[in-house]
2 protein chains.
Amino acid sequence: MARSMHVRRPATLASLAAELGVSRTTVSNAYNRPDQLSPELRRRVLETARRLGYPGPDPVARSLRTRKAGAVGLLLTENLSYAFRDPAAIGFLEGLALACEDANQGLLLVPANPEKEDVASVHRAGVDGFVVYSVPDDDPHLAAVLERPVPTVVCDQPELASVDRVGIDDEAAITQVANHLIELGHRRIGVVCMRLARDRNDGFVPPDRQRAAHFHVQRSRLAGLAAAFASAGVDWAQVPVVERFDHNTSCGASAAAQILDRDPGITALICTSDILALGALNEARRRGLRVPQDLTITGFDGIHEAERAGLTTVRQPVLEKGRAAGKLLLDAHERTRPRTVTLGTELILGSTAGPPRGAEERWFGP
Amino acid sequence: MARSMHVRRPATLASLAAELGVSRTTVSNAYNRPDQLSPELRRRVLETARRLGYPGPDPVARSLRTRKAGAVGLLLTENLSYAFRDPAAIGFLEGLALACEDANQGLLLVPANPEKEDVASVHRAGVDGFVVYSVPDDDPHLAAVLERPVPTVVCDQPELASVDRVGIDDEAAITQVANHLIELGHRRIGVVCMRLARDRNDGFVPPDRQRAAHFHVQRSRLAGLAAAFASAGVDWAQVPVVERFDHNTSCGASAAAQILDRDPGITALICTSDILALGALNEARRRGLRVPQDLTITGFDGIHEAERAGLTTVRQPVLEKGRAAGKLLLDAHERTRPRTVTLGTELILGSTAGPPRGAEERWFGP
DNA sequence: GTGAAAGCGCTAACAA
DNA sequence: TTGTTAGCGCTTTCAC
């Protein structure tokens, strides 16, 4: 690391005390308990500190002694920088930051590359607790967090019996989408979903992989869809489900393409995120398919971009999730049982879902 | 803070060593220098650690000993959560996060309420260095950072002779905007700018406040405009400049309204940020003014939303700024002189700037 | 109001 | 390969 122009010579509390001819306690008090010494002495201490270039008590040493770091650690599924690219993650972070600043706590973003097993960054994090945002149930970083003797709150996934959690009812939420499409008359659908496990599988998802998904959120959404459409007489085994490891609009577009290529008869594409749906929308446009006349597309999350695009989707309170997670973590109450906060969602009827093309012919025709 | 279900009893490296009948060094080595002891012994150590619920070396104690925190601190002008609401700040953060993850460093967001003088959070931050993002030159948090014996890099502002800095040439950049408008024929302009100092002044800005602005970036932009328009024969003292403390579209709208109410003859509104310009655009629409036929509006930053709105603006490489700041800080080279990175900007010709209304009559008429 | 003593939990020389 | 010694810089009883 570069040496700054402002590096001071290493004066310490002890050397300051020696210089002043007082005890270390007195110097410490000058900083931490102004009322414990005379204003005059305090002035002298601070004055001498300035002269010696003493920067005040070392935060790390203080943390060691007080057993408080004054910061919350955040563990994400993705590379650190991804958090600033995904609108839903940004909203979550804003909420979490809100909770942290209310409690005057720092927020430490822990670098955790999902494609690496290296958990040293978790071990090195000097924090009083962790918030874990949407990671697979077999994430080694998560395991490392849980080994740390500090409180932890998980947002979204995984669901752990002994850990505080904030989330939504994914199955119920996606069921609203499914029922809406079923009512509109859709029976031939395709599904685009996010990463189901830590291994990259960009393509069709066989049923066993759906059921074994290490991301509870995605698993629930698929399960919800399967149940709803099965009730409507759809054979789920025939429904094309395509997975994408990365999460951006290009992936949404290519996944949509993959489904439409294989099964052009599809009338609706259900995406498990707005980002993917926005990509699917692009692909539909590219193919000259009108939405929703030729193809219905739905998303999930309710990000601004989706709203602007008029996407039919489910809104979930991302900011509130972040805030709730922070509050849960920073809440002073000592609790014995793990707490769960389940937030509400709302079906947003946009302009990208409509009756299937040629519905009459298919359902009421000859 | 809530007690987690995962709090272990406090086994330490020493107690583990005692239990095993080996020295603390050996246990330490088992974690930090696997090659320094036999695989067999290491296995025993780790195995016993698990049995005792020893979570591995305490990160804070380790930091104290090694004098490395493994994290970079970030100080922002605004409340923590603001960083996730401003697209330019988000871009900067993404770049900084990129640099941090490359170096395997954590990123600690330090809570620093700009309306409070409390700098304790800076003192408590266990970090190896600071990045300071766009703060006023008299910010007490900045002063506290500079007192800390760690390297520091400032992005944008303030300009400090002895501190590494990343920024752009604000005066040159805004001059491009000014010259563009001057060429189009604008002589009666208004300016909407961001906060000029730590005190809230939502309204017109007298010349002395412009010159005394504690935010170097805003000061330079105003100075650049003043110089360019003076060259074009405009009396800068007559140009209405309105300041807003908060940074959002509502503020941009109300500032635009304030100027238009006072001086309806204005033909162009120069805003020192895209967010403010987007707000001004809203206000123009609300008043039934066509842009650019009735009113020209320009921004600064080049955020996505501006692009979508077709705003005429200056694009600055926000992500690159973040990355450069991180690189500068984490760069291993020991440097003696402070370094400065000045990044390029680009005038974006959108659709919100055009010739002034009735330009002919005014300039070539009777 | 001030000081002495006792660690917080760990790592890094160096010695064995 | 393992252990001994010596702190990192600070806060906190508890006496005075």
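Numbers restart at 1 for each chain; the letters A, B, ... are given by sequence-line order, proteins then strands.
- Counting only residues at least two apart or in different chains, ring-ring contact (aromatic ring centres under 6.0 Å, His included) contacts with residues 90-133 of chain A comprise F92(A)-Y133(A).
- Under 4.0 Å is where a charged nitrogen must lie from a carboxylate oxygen, and between D156(B) and K321(B) at least one such pair does.
- Within 4.0 Å (heavy atoms only), V60(B) reaches no atom of the nucleic acid at all.
- Residues meeting the salt bridge (charged side-chain N to carboxylate O under 4.0 Å, His left out) test with R50(A), sequence neighbours left out: none.
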Report, one pair per line, the protein and nucleotides 10-12 of chain C atoms (nitrogen or oxygen only) whose separation is under 3.5 Å.
residue : atom : partner : partner atom : Å
dC10(C) : OP1  : Y54(B)  : OH           : 2.6
dC10(C) : OP1  : D58(B)  : N            : 2.9
dC10(C) : OP2  : L13(B)  : N            : 2.4
dC10(C) : N4   : R24(B)  : NH2          : 2.9
dT11(C) : OP1  : N32(B)  : ND2          : 2.8
dT11(C) : OP1  : R62(B)  : NE           : 3.0
dT11(C) : OP1  : R62(B)  : NH2          : 3.4
dT11(C) : OP2  : S28(B)  : OG           : 2.8
dT11(C) : O2   : R65(B)  : NH1          : 2.3
dT11(C) : O4   : R24(B)  : NH2          : 3.4
dA12(C) : OP2  : R33(B)  : NH1          : 3.1
dA12(C) : N6   : T25(B)  : OG1          : 3.0

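- Summary of the strand contacts: L64(A) and L37(B) both lie near DNA chain D, and taking for each the nucleotide with the nearest heavy atom, the more 5' one is attributed to L37(B).
- In terms of the side chain to side chain donor-acceptor pair (under 3.5 Å) criterion, D138(A) has no residue partners (sequence neighbours excluded).
- For the side chain to side chain contact (heavy atoms under 4.5 Å, CB included) test, residues two or more places apart in sequence or in another chain that qualify with P158(B) are V135(B), D137(B), L142(B), V154(B), L160(B).
- Note that the first and last nucleotides of DNA chain D, 5' to 3', having any atom under 4.0 angstrom from a heavy atom of chain A are dG9(D) to dT12(D).
- Take E94(B) and apply the side chain to side chain contact (heavy atoms under 4.5 Å, CB included) test, not counting sequence neighbours, and it matches S81(A), F84(A), R85(A), L319(B).
- For the side chain to side chain donor-acceptor pair (under 3.5 Å) test, residues two or more places apart in sequence or in another chain that qualify with Y82(A) are D86(A), H247(A).
- Sorted by first and then second residue, the ring-ring contact (aromatic ring centres under 6.0 Å, His included) pairs involving residues 141-162 of chain B (not counting sequence neighbours) form an empty list.
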